[in-house]
Amino acid sequence: MALVEALTNIELFSELSSRELKKVASFMTPIKVKPGRDLTVQGKPGREFMIIAEGTATVRRDGRVIASLGPGDFFGELAVIAGVPRTATVTADTEMTVEALNRREFSSLLDGSPKLAKKILVGAVKRLHQLEEGLVR
Ligand code: CMP
């Protein structure tokens, strides 16, 4: 399956077995996005975890740019994991294709792949650390 092959090139999924990759692929829904569209909005509830297949996006908090994301990067995990409001606004810079997973799909994915869950956890802690640094500055 082409999607399974494409997933092997994404660092987040690099340690998964082919069985796990097939499971990941079965959960994914590709969404085409136009430049300028907000994929998450700071302070609003969020129901989707997204992985960028194509294109780039900018992450802003309180109107300030805090990161740029591109192919293979993921976002939206914080609100979906913890049920908290979106911590930042993520806006498409270009036309994009994102693979979206809803809360139930994301939860099954984490249940089935401890290595993946750990990577997402480490990424989430780093992001929260950056956000916290911004608050104390
Ligand atoms: P969430 O809070 O659900 O929605 C906004 C997303 O922006 C957030 O999840 C993270 O995925 C992402 N994000 C927040 N802070 C950073 C950061 N410092 N660097 C990269 N991405 C971030």
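All ligand and atom numbering here is 1-based and tracks the order in the structure. Note that the structure is a prediction, hence the values are computed from the model and not measured.
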Enumerate, atom names and distances included, each donor-acceptor pair closer than 3.5 Å involving a side-chain atom of residues 27-35, sequence neighbours excluded.
none

In a table with atom names and distances, give each donor-acceptor pair under 3.5 Å that connects a side chain of residues 82-89 to protein atoms at least two apart or in another chain.
from  : atom 1 : to    : atom 2 : distance (Å)
Arg86 : NH1    : Glu48 : O      : 3.4
Arg86 : NH1    : Gly76 : O      : 2.9
Arg86 : NH2    : Glu48 : O      : 2.9
Thr89 : OG1    : Gln42 : N      : 2.9

Evaluate Lys119 against Glu11 for side chain to side chain contact (heavy atoms under 4.5 Å, CB included), listing each step before the verdict.
CA-CA 10 Å; Lys119 278 193 180 179; Glu11 204 282 327; 3.4 Å; yes
With hydrophobic residues grouped by side-chain heavy-atom distances under 4.5 Å, do Phe75 and Val41 end up in a single group?
no
dist Leu21:CG -> Leu7:CG (nearest 0.5 Å) comes out at 6.0 Å
Show the protein residues that qualify under the rule heavy atom under 4.0 Å from an atom of ligand 1, listing them in chain and number order.
Thr40, Val59, Ile66, Ala67, Phe75, Gly76, Glu77, Leu78, Ala79, Arg86, Thr87, Ala88, Val90, Arg127, Gln130, Leu131
N/O donor-acceptor pairs under 3.5 Å from side chains in residues 105-116, not counting sequence neighbours:
from   : atom 1 : to     : atom 2 : distance (Å)
Glu105 : OE1    : Asn102 : N      : 2.8
Ser108 : OG     : Arg104 : O      : 3.0
Ser113 : OG     : Glu20  : OE2    : 3.4

